[in-house]
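Data block below; observations after.
The structure displayed is predicted, hence computed values, not measured ones.
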Amino acid sequence: MEPNGHRQDIAAVLKGQVMTTRFDKLLGWGRKYSMFVYPFVTACCGMEYMSVSASHYDLDRFGAAFPRFSPRQSDVLWVVGTISHKLAPLLLNVYEQMTEPKWVVSFGACASCGGPYDNYATVQGIDTILPVDIYIAGCPPRPEAVLDGVLKLQDLIQKSKQPWK
């Protein structure tokens with residue numbers, strides 16, 4: 001109530017100065033732009049991963065270019081390349097050490113479905129040992145496909161339920 005007796009509409013007073021949202025939406029927005037990636041690179045797709053991380057395609061603008069080489073400091077696991085059955089327990093160990101919430105990206109044909117290696121030594125898709133959130137197709141995937149996968153992962157992170165305590 002103003003001194004002259006007129007009431008001001010609070011929405012009109014605060015217009016353009018205040019934004020309201022729910023806390024879990026704000027947390028999702030923050031996590032979307034602060035992905036700490038653990039690259040699990042085993043094969044030729046690693047060259048494509050490095051080229052996407054370089055300055056020409058610039059993953060920094062998506063908030064995903066700062067790789068962590070400790071699973072305890074990362075929340076996104078990029079499985080890049082062929083995974084053998086001998087390597088699968090190590091990959092599972094890395095996944096279990098990551099912080100919560102965590103997401104997994106399958107990078108390329110070998111990680112997604114075994115690629116050209118249809119034999120007893122190769123895991124025919126990492127989804128047989130880990131839950132995969134995003135698949136990036138290609139052998140190796142084009143950088144544009146990788147960027148599309150990053151955008152889809154950001155959308156998934158923002159729309160997912162955000163656990164916090």
Worksheet entry | Pair listing, salt bridge (charged side-chain N to carboxylate O under 4.0 Å, His left out) test, anchored in residues 19-38, at least two apart | R22-D24
Worksheet item: Going through the distances and angles, do V146 and Y57 end up as a side-chain contact (heavy atoms from CB on, under 4.5 Å)?
Response: CA-CA 10 Å; V146 176; Y57 292 101; over 6 Å; no
Worksheet item: Within the side chain of Q124, is there an N or O that forms a donor-acceptor pair under 3.5 Å with the backbone of Y117?
Response: yes
Response to the item:
All heavy atoms of A111 vs all of V79, minimum pair found to be CB-O, 3.6 Å
Item to complete: Quick one: pull up CG in D9 and CG in L14 and give me the separation to the nearest 0.5 Å.
Response: 9.5 Å
Item to complete: Kindly state each residue pair satisfying salt bridge (charged side-chain N to carboxylate O under 4.0 Å, His left out) with at least one member in residues 66-82, sequence neighbours excluded.
Response: none
Worksheet item: Is there a side-chain contact between F69 and P39 (heavy atoms, below 4.5 Å)?
Response: yes
Worksheet item: Should V105 and M98 be regarded as members of a common hydrophobic cluster, given that ILVMFWY residues are connected when their side-chain heavy atoms come within less than 4.5 Å of each other, either directly or indirectly?
Response: no
Worksheet item: Of all heavy-atom pairs between I83 and L87, which one has the smallest distance, and what is that distance?
Response: CD1-CD2, 4.3 Å
Discussion item. According to a hydrophobic-cluster definition based on side-chain heavy atoms being under 4.5 Å apart (Ile, Leu, Val, Met, Phe, Trp, Tyr only), do V150 and F36 belong together?
Written reply: no
Item to complete: Could you verify whether a donor N or O on one side chain and an acceptor N or O on the other, from T82 and T42, lie under 3.5 Å apart?
Response: no
Discussion item. I need the minimum non-hydrogen distance between L153 and M35, along with the two atoms involved.
Written reply: CD2-SD, 3.5 Å
Discussion item. Ring-plane angle category for F107 and W78, please: parallel below 30°, perpendicular beyond 60°, tilted otherwise.
Written reply: tilted
Practice prompt. May I have the step-by-step check of side-chain contact (heavy atoms from CB on, under 4.5 Å) for M50 and V80, ending in yes or no?
Written response: CA-CA 11 Å; M50 286 188 272; V80 182; over 6 Å; no
Worksheet item: With the 4.5 Å side-chain cut-off for hydrophobic clustering, are V41 and V104 part of the same group?
Response: no
Worksheet item: Among C44, S51, C45, which one satisfies side-chain contact (heavy atoms from CB on, under 4.5 Å) with P140?
Response: C45
Worksheet item: Atom CG of D118 and atom SG of C113: how far apart are they, to the nearest 0.5 Å?
Response: 9.5 Å
Discussion item. When you measure from the side chain of T122 to the backbone of N119, do you find a donor-acceptor pair of N or O atoms at a distance under 3.5 Å?
Written reply: no
Worksheet item: So do Y49 and V37 actually touch side chain to side chain, heavy atoms under 4.5 Å?
Response: yes
Discussion item. I need the single residue from Y33, W103, W29 that forms a side-chain contact (heavy atoms from CB on, under 4.5 Å) with I157. Which is it?
Written reply: W103
Discussion item. Tell me if a side-chain donor or acceptor on S106 pairs with a main-chain N or O of S112 at a distance below 3.5 Å.
Written reply: yes
Worksheet item: Which residue pairs satisfy the salt bridge (charged side-chain N to carboxylate O under 4.0 Å, His left out) criterion with at least one member in residues 131-157, sequence neighbours excluded?
Response: R142-E144, D148-K152, D155-K159
Discussion item. Between K102 and Y95, is there a side-chain heavy-atom distance shorter than 4.5 Å?
Written reply: yes
Fill in: Minimum heavy-atom distance A145-P141, with the two atoms named
CB-CB, 4.4 Å
Practice prompt. Please check if the side chain of Q73 supplies one atom and the backbone of P71 the other of a donor-acceptor pair under 3.5 Å.
Written response: no
Worksheet item: In Å and rounded to the nearest 0.5 Å, what is the CD1 to CG distance from I126 to L91?
Response: 6.5 Å
